[in-house]
S.K.: 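Starting off with a structure, shown below.
Whatever order the structure lists ligands and atoms in, that order sets their numbers, starting from 1. Every heavy atom of this structure was used, including side-chain atoms; hydrogens, water molecules and symmetry mates were not.
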Amino acid sequence: MADPRGFLKVRQRETQPRRPVPVRIMDWKEVYEAQEKGVLKSQAGRCMDCGVPFCHQGCPLGNLIPEWNDLVWRDKGEEAIERLHATNNFPEWTGRLCPAPCEASCVLGINQPAVTIKQVEVSIIDEAFDNGWVNPLPPTRLTGKTVAVVGSGPAGLAVAQQLTRVGHTVAVYERDDKIGGLLRYGIPDFKMEKEQVDRRLEQMKAEGTRFRTGVAVGTDVTWEQLRRRYDAVVVATGATVPRDLPIPGRGLEGVHYAMDYLVPANRVVAGEQVENQIHAKGKHVVILGGGDTGADCLGTAHRHGAASVTTLAIGKQPSVERTPNQPWPTFPTLFEVASAHEEGGERTYLASTVEFVGENGKLTGVKVAETEFVDGKRLPKAGTERIIPADLVFLSLGFTGAEPAGITEQVHAEFDGRGNVARDGYYMTNTEGVFVAGDAGRGQSLIVWAIAEGRACAAAVDKFLMGTTILPAPVAPTDRAIAVL
Ligand SMILES: Cc1cc2nc3c(=O)[nH]c(=O)nc-3n(C[C@H](O)[C@H](O)[C@H](O)COP(=O)(O)OP(=O)(O)OC[C@H]3O[C@@H](n4cnc5c(N)ncnc54)[C@H](O)[C@@H]3O)c2cc1C
Ligand code: SF4
């Protein structure tokens, strides 16, 4: 185990330093800085190597957290990355972006601040990349079986890497011009710079995974054609249908879905030319919805130089501490202060949006009322309406499911009642040989779940193709995520 008395000697939890707000909002670089090695080791040394490590269960990937905490404490970085890669294909993504349900279930968290698991994770992989310890792992022999993976987000890439490594010939189809899914064009660089996607793609290409960008399956090529051409097809197309707010004024110029703001902003940061980009410079911005997507709009609007940014949430402000109905080791819904929230803006809770108001077809404000709870329903309280001035509104109200993209007509894969592509306990749709992983099957969730599902789906595909598999299956499709968006 890491330091047997570590948790007694170091009682404080120390996370990585962040760049000062006035400096970081002037650019798009990551907010966090590397943690000093001595601090990192003493933090890893707080791990108690519990007989029953609840953190394993808290992490959907089943990451072997006490093992790598111990190795970091002993300064054995190369062994640490080997243990981390044993369960997680892409720790540089989870180490930066995961909300860390593992930390909510850390045993130390019962009466002390939890171990900084996510920070240790990202430090292990960053050190590994810096030292050249992340190398391609091509298969020793090919099976002759072929797989098409549709969608190149974390789920599709995890499926592809696992299946390539056991010898199948895998092609990833992506309708965008670049690989990465929401990691590429959804999540801003200040949370994770795109170098983190690109260097992992280099590894995957060297292992033999093939990438086909600019191909929208369902139109450019049909699902049926893919099914005929490949021995198996995996649907990893995400849950991209945004939730709308059809209230009066929805058609006014200035009311947009969050992704219509974030995607072009990411493209511009990547050096692309974007026509008619929605830009927040000098504007009063209102964001509806308080999840990750809303926080990403907030950080982007500040970097654009918005005059003001207000985030409205219809529900109550979550508690800052666990409530009795969210006991340890569950993953509680708490008041979150993401890096974007530290940078400014107002957060208003119990705010029901009733109308977008405007003049000459252009948005000028948002009419909100206090939320009241009537028979369990959240309703606007009469007589409490007020108008918040706004030039731009971003709807960040979550996603209602996967895009149909012709899949039902072309290969008869059906959707479930929640708007997701339906699958059985082995990730297969009702069409033999067509599988589904990640948000497309689960609904909008988290990167850690997408990778976990991708790994488990790869095991199911391998078994379907070969009759047996050595690939691990960390989660079943029935395991539920705690939705955060
Ligand atoms: C703005 C935003 C911020 C987020 N921040 C976080 C965060 O900080 N931490 C976290 O854990 N999670 C976060 N999430 C959630 C997380 O990004 C998703 O759960 C995760 O990316 C899902 O992975 P996926 O591979 O299933 O799908 P996606 O990442 O959505 O990838 C699906 C891919 O499929 C492609 N595709 C779709 N249809 C077709 C087709 N017909 N043909 C070809 N290609 C197709 C899409 O272009 C896309 O590239 C965020 C989500 C959003 C929207
Ligand atoms: S992937 Fe997320 S839940 Fe798993 S160990 Fe890393 S931070 Fe924790």
S.K.: Could you tell me, atom by atom, which parts of ligand 1 come under 4.0 Å of a heavy atom of Gly181?
M.R.: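 So the atoms of ligand 1 that pass are 29 (O), 31 (O), 48 (C), 49 (O).
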
S.K.: Do Glu403 and Arg175 pass the salt bridge (charged side-chain N to carboxylate O under 4.0 Å, His left out) test, and can you show the C-alpha distance, the side-chain angles, and the key distance before you say yes or no?
M.R.: CA-CA 13 Å; Glu403 286 174 50; Arg175 66 182 173 188; 3.0 Å; yes

S.K.: Glu403 near ligand 1, heavy-atom distance under 4.0 Å?
M.R.: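 It does not, in that no heavy atom of Glu403 comes within the 4.0 Å cut-off of ligand 1.
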
S.K.: For ligand 1, is Trp449 a contact, meaning one of its heavy atoms is under 4.0 Å away?
M.R.: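 Per 4.0 Å heavy-atom rule, Trp449 does not contact ligand 1.
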
S.K.: One thing to verify: whether Asp75 and Lys37 come together as a salt bridge, which I'm taking to mean a side-chain N less than 4.0 angstrom from a carboxylate O.
M.R.: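 A salt bridge links Lys37 with Asp75.
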
S.K.: Go through ligand 1 atom by atom and flag the ones less than 4.0 Å from a non-hydrogen atom of Gly151.
M.R.: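 Result: 33 (C), 34 (O), 35 (C).
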
S.K.: What part of Ile187 sits under 4.0 Å from ligand 1 if we count only heavy atoms: the side chain, the backbone, both or neither?
M.R.: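 The answer is the side chain.
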
S.K.: Under a 4.0 Å threshold between the charged nitrogen and the carboxylate oxygen, would Arg199 count as salt-bridged to Glu92?
M.R.: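 A salt bridge is absent here (no side-chain N lies under 4.0 Å from a carboxylate O).
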
S.K.: Any idea which of Gly153, Pro154, Gly454, Gly438 brings a heavy atom closest to atom 23 (O) of ligand 1?
M.R.: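 Considering heavy atoms of Gly153, Pro154, Gly454, Gly438, the nearest to atom 23 (O) of ligand 1 sits in Pro154.
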
S.K.: Heavy-atom contacts under 4.0 Å between Ala236 and ligand 1: side chain, backbone, both, or neither?
M.R.: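 Under 4.0 Å from ligand 1, Ala236 contributes backbone atoms alone.
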
S.K.: Do the side-chain N and O atoms of Gln162 and Asn89 include a donor-acceptor pair separated by under 3.5 angstrom?
M.R.: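 Side chains of Gln162 and Asn89: pair found under 3.5 Å.
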
S.K.: Number the atoms of ligand 2 from 1 as they appear, then name those within less than 4.0 Å of a heavy atom of Ile65, with their elements.
M.R.: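 In order of number, 5 (S).
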
S.K.: So is Ser152 in contact with ligand 1, going by heavy-atom distances below 4.0 Å?
M.R.: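 The answer is yes, since Ser152 has a heavy atom less than 4.0 Å from ligand 1.
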
S.K.: I need the atoms of ligand 1 closer than 4.0 Å to a non-hydrogen atom of Val150, numbered in the order shown.
M.R.: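 Near Val150, meaning under 4.0 Å from one of its heavy atoms, ligand 1 has 42 (N), 43 (C).
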
S.K.: Answer yes when Asp462 and Arg165 have at least one side-chain N-carboxylate O distance shorter than 4.0 Å, and no when they do not.
M.R.: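 No salt bridge links Asp462 with Arg165.
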
S.K.: Using a 4.0 Å cut-off to any heavy atom of Phe399, which atoms of ligand 1 qualify?
M.R.: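 Contacts of ligand 1 toward Phe399, numbered from 1: 53 (C).
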
S.K.: Can you give me the closest heavy-atom contact between Phe7 and Arg46, atom names plus distance?
M.R.: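 In terms of heavy atoms, the two residues are closest at CB-O, 3.4 Å.
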
S.K.: In terms of side-chain geometry, is the basic nitrogen of Glu272 or Lys178 positioned less than 4.0 Å from the acidic oxygen of its partner?
M.R.: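 The answer is yes: the pair qualifies as a salt bridge.
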
S.K.: Would you call Val215 a ligand 1 contact, heavy-atom distance under 4.0 Å?
M.R.: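 Checking ligand 1 against Val215, which is what was asked, there is a heavy-atom contact under 4.0 Å.
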
S.K.: At their closest point, which heavy atom of Arg229 faces which heavy atom of Thr146, and how far apart are they?
M.R.: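 Of all heavy-atom pairs spanning Arg229 and Thr146, the closest is O-OG1, 3.9 Å.
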
S.K.: Do me a favour and list the nearest non-hydrogen protein atom to atom 5 (S) of ligand 2 with residue, atom name and distance?
M.R.: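 I find the closest protein heavy atom is Asn63 ND2, 3.3 Å.
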
S.K.: Using distance alone, decide if ligand 1 has a nitrogen or oxygen within less than 3.5 Å of any nitrogen or oxygen in Leu182.
M.R.: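 Indeed, backbone or side chain, Leu182 has an N or O that close.
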
S.K.: Give the atoms of ligand 2, by number and element, whose distance to some non-hydrogen atom of Thr94 is under 4.0 Å.
M.R.: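 Under 4.0 Å from Thr94, ligand 2 has these atoms: 1 (S).
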
S.K.: Any N or O of Ala155 that comes nearer than 3.5 Å to an N or O of ligand 1?
M.R.: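 Looking only at distances, the answer is yes, because the N/O contact criterion of under 3.5 Å is met.
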
S.K.: Are any of the N/O atoms on Ser445, whether in the backbone or the side chain, positioned under 3.5 angstrom from an N/O atom of ligand 1?
M.R.: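 It does: an N or O of Ser445 is found under 3.5 Å from an N or O of ligand 1.
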
S.K.: Which is it for Ala450 and ligand 1 at heavy atoms under 4.0 Å: side chain, backbone, both or neither?
M.R.: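 Under 4.0 Å from ligand 1, Ala450 contributes side-chain atoms alone.
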
S.K.: What part of Cys98, side chain, backbone, both or neither, has a heavy atom within less than 4.0 angstrom of ligand 2?
M.R.: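 Side chain only.
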
S.K.: Any nitrogen or oxygen of Thr293, side chain or backbone, less than 3.5 Å from one on ligand 1?
M.R.: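 In fact, backbone or side chain, Thr293 has no N or O that close.
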
S.K.: Does Cys59 bring an N, O or S atom to within less than 2.8 Å of atom 8 (Fe) of ligand 2?
M.R.: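 No, outside the cut-off.
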
S.K.: Could you tell me whether Arg184 and Asp198 make a salt bridge, using a distance below 4.0 angstrom between a side-chain N and a carboxylate O?
M.R.: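 Here Arg184 pairs with Asp198 in a salt bridge, since their nearest N and O are under 4.0 Å apart.
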
S.K.: Atoms of ligand 1 less than 4.0 Å from Ala216 heavy atoms?
M.R.: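 What qualifies from ligand 1 is 42 (N).
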
S.K.: Quick one: which ligand 2 atoms are inside 4.0 Å of a heavy atom on Glu121?
M.R.: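 What qualifies from ligand 2 is 1 (S), 5 (S), 6 (Fe), 7 (S).
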
S.K.: Which residue and atom name correspond to the protein heavy atom nearest atom 8 (Fe) of ligand 2, and how close is it?
M.R.: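 The closest heavy atom on the protein side is Cys102 SG, 2.2 Å.
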
S.K.: Relative to Phe190, does Arg24 satisfy both conditions: NZ or CZ under 6.0 angstrom from the six-membered ring centre, and within 45 degrees of the ring's axis?
M.R.: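 Not satisfied by the 6.0 Å and 45° rule.
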
S.K.: Would you check whether Val217 has a nitrogen or oxygen atom less than 3.5 angstrom from a nitrogen or oxygen atom of ligand 1?
M.R.: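 Yes - when backbone and side-chain N and O of Val217 are compared with those of ligand 1, one distance drops under 3.5 Å.
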
S.K.: Out of Lys191, Arg96, Glu174, indicate the one that has the non-hydrogen atom closest to atom 8 (O) of ligand 1.
M.R.: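 Heavy atom nearest to atom 8 (O) of ligand 1 belongs to Lys191.
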
S.K.: Are any of the N or O atoms of Trp223 closer than 3.5 Å to those of ligand 1?
M.R.: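 There is no such contact.
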
S.K.: So, are Arg74 and Asp70 salt-bridged, with charged N and O less than 4.0 Å apart?
M.R.: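 Yes, charged N to carboxylate O under 4.0 Å.
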
S.K.: State whether the shortest distance between N or O atoms of Ile447 and N or O atoms of ligand 1 falls below 3.5 angstrom.
M.R.: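 Between Ile447 and ligand 1 (N or O atoms, distance only) the closest approach is under 3.5 Å.
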
S.K.: Side chain, backbone, both or neither: which part of Arg184 has a heavy atom under 4.0 Å from ligand 1?
M.R.: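 For Arg184, no heavy atom sits under 4.0 Å from ligand 1.
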
S.K.: Out of Val393, Leu312, Ile314, which residue meets the side-chain contact (heavy atoms from CB on, under 4.5 Å) rule with Thr353?
M.R.: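 It is Leu312; the other options fail the test.
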
S.K.: Flag Leu97 as yes when one of its N or O atoms lies below 3.5 Å from any N or O atom of ligand 1, and as no otherwise.
M.R.: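 Min N/O separation from ligand 1 is below 3.5 Å for Leu97.
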
S.K.: Between CD of Glu195 and CD of Glu30, what distance do you get to the nearest 0.5 Å?
M.R.: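 Answer for the CD-CD pair, Glu195 versus Glu30, is 8.5 Å.
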
S.K.: Look up atom OH in Tyr261 and atom CD1 in Ile287, then write down how far apart they are to the nearest 0.5 Å.
M.R.: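 It is 8.0 Å, given to the nearest 0.5 Å.
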
S.K.: Identify whether NZ of Lys or CZ of Arg in Arg19 sits under 6.0 Å from the centre of the six-membered ring of Tyr32 and within 45° of that ring's axis.
M.R.: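 No, a cation-pi geometry is absent between Arg19 and Tyr32.
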
S.K.: So between Leu262, Asp292, Val159, whose heavy atom ends up nearest atom 7 (C) of ligand 1?
M.R.: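 It is Asp292 whose heavy atom sits nearest to atom 7 (C) of ligand 1.
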
S.K.: Does the distance from a Lys or Arg side-chain N to an Asp or Glu carboxylate O, for Arg96 and Asp126, drop under 4.0 Å?
M.R.: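 Yes, charged N to carboxylate O under 4.0 Å.
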
S.K.: Are Arg212 and Glu174 within salt-bridge range, i.e. N to O under 4.0 Å?
M.R.: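 No, no charged N to carboxylate O under 4.0 Å.
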
S.K.: Any atoms of ligand 1 less than 4.0 Å from a non-hydrogen atom of Asp296? List them with their elements.
M.R.: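 Those qualifying, in numeric order: 1 (C), 2 (C), 3 (C).
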
S.K.: Any chance you could measure Ile407, atom CD1, to Thr431, atom OG1, to the nearest 0.5 Å?
M.R.: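 OG1 of Thr431 is found 8.0 Å from CD1 of Ile407.
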
S.K.: At less than 4.0 angstrom from any non-hydrogen atom of Val448, what atoms of ligand 2 do you find?
M.R.: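 So the answer, numbered in order with elements, is 1 (S).
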
S.K.: Considering only heavy atoms of Asp176, which atoms of ligand 1 have at least one such atom less than 4.0 Å away?
M.R.: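 Here the atoms of ligand 1 in question are 47 (O).
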
S.K.: If the threshold is 4.0 Å, N to carboxylate O, is there a salt bridge linking Lys29 and Asp27?
M.R.: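 Salt bridge flag = no for Asp27 with Lys29.
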
